[in-house]
Amino acid sequence: MGKIYFKDLANYYNQEIELQGFVDKVRDLQYVQFVILRDSSAKVQMTIEKNEENKVLNEIVSDLTKESTLLAKGIIYKQDKVKLRGMEFIPKTIEITSKSEEELPIDILDFNNKSKQDLRLDNRFLDLRLEKNYLIFKGQTIAEMAMREYWLRNDFIEIHSPKILGTASETGAEVFDLEYFGKKVYLAQSPQFYKQMAMGAGFNNVFEIGPVFRAENSHTAYHATEFTSVDCEISWIKSFHEVMDIEEEKLIEVMKKIKNDIGEDYQRIFKKEIAVPQEKFPRINFYDAKKIVQDNYNYVGKKDFDFDRREEELICIYAKKKLNSEFVFVTDYPFEARPFYHMIDPETKLTKSFDLLYKGIEITTGAQREHRIDILEKQALEKDMNLESIDFYLNFFRYGMPPHGGYGFGLTRFLMRLFEVDSIRDVTFLYRGPNRVMP
RNA sequence: GGUCCGGUAGUGUAGUGGUUAACACGCCAGUCUGUCACACUGGAGAUCGCGGGUUCAAGUCCCGUCCGGACCGCCA
């Protein structure tokens with residue numbers, strides 16, 4: 001690609017080059033003009049002296065508006081008196097490739113009067129020009145790449161399951177329905193049934209990174225009606241602890257890769273360190289976790305079979321303080337709180353399941369799946385399900401199905417906690433929620 | 001879905017019944033010897049979300065409505 005990224009400019013000192021970027025700032029003084037240019041990688045100062053020779057350039061710069069785009073040809077010099085990276089670009093020609101309107105709908109400088117979230121989302125194309133937002137999506141790219149690398153190395157197959165479904169995929173969440181040639185169909189709330197089908201197909205191990213849709217009228221900072229789910233499913237397991245082993249191993253790798261690739265930028269922009277987990281994540285079973293919260297924080301959750309938000313936060317505070325981990329697995333949930341396909345331990349009567357909590361929020365639900373059709377049917381009936389409507393799914397189990405387990409991982413929730421931003425909206429390219437379907 | 005809170009120049013806020021609605025940032029113009037969150041001087045810019053009501057008088061009080069946020073529930 002021909003474009004020279006601003007981060008690489010030091011490689012071109014004293015050479016004649018072509019720059020393209022956004023106008024970040026214009027400082028038009030009496031005898032000299034400074035234009036700060038910006039691309040996704042860095043900023044650089046362009047300097048034009050005001051004189052007869054530069055008359056054309058001076059007029060172009062006088063007329064420049066912030067956030068316009070331009071193409072300039074000239075020479076990049078090392079220049080110690082410039083605080084911005086100790087370099088400056090002296091143009092010979094400037095071409096305004098797109099002129100921005102004078103006043104922006106949001107405060108893109110974001111210096112001390114941050115625009116409201118709703119307005120920023122309305123103008124997301126401008127909001128995303130902020131350096132920190134670019135870094136978030138760079139982090140997302142690295143996270144996905146690191147996961148794919150891990151899976152590829154460990155014999156996983158990538159699948160793309162359908163998002164238009166003839167029946168709801170039953171994770172317990174609500175589904176959207178839509179009109180489909182006169183019939184009612186549903187948007188996938190999870191690839192759950194289909195990644196299990198891949199187990200029945202003998203694919204051994206599969207993963208999918210893709211959109212899921214939840215018709216939950218949830219007004220919180222950590223819910224969306226459409227988000228990116230990372231799913232995987234593993235055959236031939238003997239225990240759901242193997243599923244946790246794999247998630248843990250993969251996540252440590254992801255964190256290392258993120259720290260390695262964007263750790264410096266992260267620290268400069270967010271003023272924090274990325275903490276790479278050094279050892280295994282603590283695993284606490286459900287009832288022990290309940291007791292820990294009661295004993296240590298004198299808090300009793302409102303629900304017997306699940307955690308409320310406060311309990312999730314307190315468990316994470318405990319794990320961080322006492323167990324030195326930002327990640328914590330909670331295991332062995334009661335069947336009441338779990339979908340029908342989670343396997344039940346005949347001794348404890350609890351499910352062979354887990355959640356992964358990260359900095360106070362649930363980012364994963366996983367389990368060993370019930371692969372024996374008679375028990376699966378019995379459990380579905382216990383959850384008041386209509387067996388006919390899931391017959392296509394039950395069919396997967398009728399002709400040989402390996403013991404298997406897997407998990408679903410909320411990519412956006414993970415990113416939200418990784419960057420410690422206030423809202424899932426900040427880590428979603430274009431957020432979709434109960435009250436937002438535009439732009 | 002429930003509870004609470006908010007909506008005032010382009011942006012963020014102040015304004016708790018009484019002149020011409022204030023401040024900061026941004027914008028425009030001018031001044032300024034190299035700025036770097038440039039500085040200085042001046043200027044434009046608001047039917048105070050919308051509709052109704054109370055009052056001599058409403059940005060301010062009341063009712064309705066629309067939009068948004070936080071927390072809870074549901075979940076990743």
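Naming: A, B, ... by sequence-line order, numbering from 1 per chain.
Nucleotides B/U16 and B/C61 are separated by 10 Å at their P atoms, to the nearest Å. Remark: the separation of the C1' atoms in B/A76 and B/C4 is 27 Å, to the nearest Å. Distance check on atom C1': B/A46 versus B/A21 gives 9 Å, rounded to whole Å. Rounded to whole Å, the P atom of B/A39 lies 49 Å from the corresponding atom of B/G53. Annotation: B/C66 and B/U19 have their C1' atoms spaced 33 Å apart (nearest Å). Distance check on atom P: B/G64 versus B/C5 gives 14 Å, rounded to whole Å. B/A9 and B/G49: their P atoms are spaced 8 Å apart (whole Å). Using P as the reference atom, B/G7 and B/G42 are 31 Å apart when rounded to the nearest Å.
In this structure, A/Ile424 places its CD1 atom 14 Å from C1' of B/C74, rounding to the nearest Å. With rounding to whole Å, A/Phe354 atom CZ is found 16 Å from B/C75 atom C1'. If you take CD1 of A/Ile36 and P of B/U35, they are 12 Å apart, rounded to a whole angstrom. Rounded to whole angstrom, the span from the CZ atom of A/Phe176 across to the P atom of B/C75 amounts to 16 Å. Regarding A/Leu411, its CG atom lies at a distance of 15 Å from the P atom of B/A76, rounded to whole Å. Atom CD in A/Glu336 sits roughly 14 Å away from atom P in B/C74 (whole-Å rounding). As a whole-Å value, the separation of A/Glu362 CD from B/C74 P is 10 Å. Atom pair A/Ile108:CD1 and B/G10:C1' shows a separation of 13 Å (rounding to whole Å applied).
Using bins of under 30°, 30° to 60° and over 60° for the plane-to-plane angle, the ring pair A/Phe270/A/Phe419 lands in the tilted bin.
For an aromatic pair to be called close, the ring centres must be under 6.0 Å apart, and A/Phe329 with A/Phe354 satisfies this. For A/Tyr358 and A/Phe414, the distance between ring centers is under 6.0 angstrom.
Base pairing annotation: B/C28 forms a Watson-Crick or G-U wobble pair with B/G42, both donor-acceptor distances under 3.5 Å. With a 3.5 Å ceiling on both atom-pair distances, B/G17 lacks any Watson-Crick or G-U wobble partner. In this entry B/G59 has no Watson-Crick or G-U wobble partner, no candidate having both defining distances under 3.5 Å. With a 3.5 Å ceiling on both atom-pair distances, the Watson-Crick or G-U wobble partner of B/C71 is B/G2. Under the Watson-Crick or G-U wobble criterion, with both distances below 3.5 Å, B/C23 is paired with B/G12.
At B/A76, one or more side-chain N or O atoms of A/Thr365 fall inside 4.0 Å of OP1 or OP2 (strictly under the cut-off). Residue A/Lys116 places at least one side-chain N or O closer than 4.0 Å to OP1 or OP2 of B/U13.
Comparing atom distances between the A/Val82 side chain and each of B/U11, B/G34, B/C74 picks out B/G34 as nearest. In the set B/G34, B/G12, B/A76, the nucleotide with an atom closest to the side chain of A/Leu29 is B/G34.
Look at A/Phe227 and the base of B/A76; the rings stack, centres closer than 5.5 Å and planes less than 30° apart.
If you check every strand for non-hydrogen atoms under 4.0 Å, A/Phe409 touches nothing. Contact annotation for A/Leu119: backbone-only contact, meaning every heavy-atom pair under 4.0 Å involves sugar-phosphate atoms and none involves a base. Heavy atoms of A/Ile48 sit nowhere under 4.0 angstrom from any nucleic acid atom.
A cation-pi arrangement is present between A/Arg338 and A/Tyr333 under the rule of less than 6.0 angstrom and at most 45 degrees off the ring axis. Remark: A/Arg369 is not positioned above the aromatic ring of A/Tyr341, lacking an NZ or CZ atom under 6.0 angstrom from the ring centre and at most 45 degrees off the axis. Seen from the ring of A/Phe409, A/Lys250 counts as a face-on cation partner, given the 6.0 Å and 45° thresholds.
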*Evaluate side chain to side chain donor-acceptor pair (under 3.5 Å) for A/Asn205 paired with A/Glu233, printing each intermediate quantity in order.*
CA-CA 6 Å; A/Asn205 310 314; A/Glu233 203 70 23; over 6 Å; no
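A/Phe307 has its side chain within reach of A/Ile315: a pair of non-hydrogen atoms, C-beta onward, lies under 4.5 Å apart. With a 4.5 Å cut-off on side-chain heavy atoms, A/Ile75 and A/Tyr12 do not count as touching.
There is no side-chain donor-acceptor pair under 3.5 Å between A/Lys349 and A/Thr351. A/Thr364 and A/Glu247 share a side-chain donor-acceptor pair at under 3.5 Å.
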Taking N or O atoms only and anything under 3.5 Å, show me the protein contacts with nucleotides 26-28 of chain B, one pair per line.
from	atom 1	to	atom 2	distance (Å)
B/G26	O3'	A/Lys66	NZ	3.3
B/G26	N2	A/Glu103	OE2	2.2
B/G26	N3	A/Glu103	OE2	3.2
B/C27	O4'	A/Glu103	OE2	3.4

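Applying the salt bridge (charged side-chain N to carboxylate O under 4.0 Å, His left out) criterion to A/Asp304, with sequence neighbours excluded, gives no partner residue.
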*Just by protein heavy atoms under 4.0 Å, how would nucleotides 67-73 of chain B read 5' to 3' in B, S and -?*
-SS-BBB
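Along RNA chain B, the nucleotide closest to A/Ser62 and the one closest to A/Gln79 are compared, and the more 5′ of them pairs with A/Ser62.
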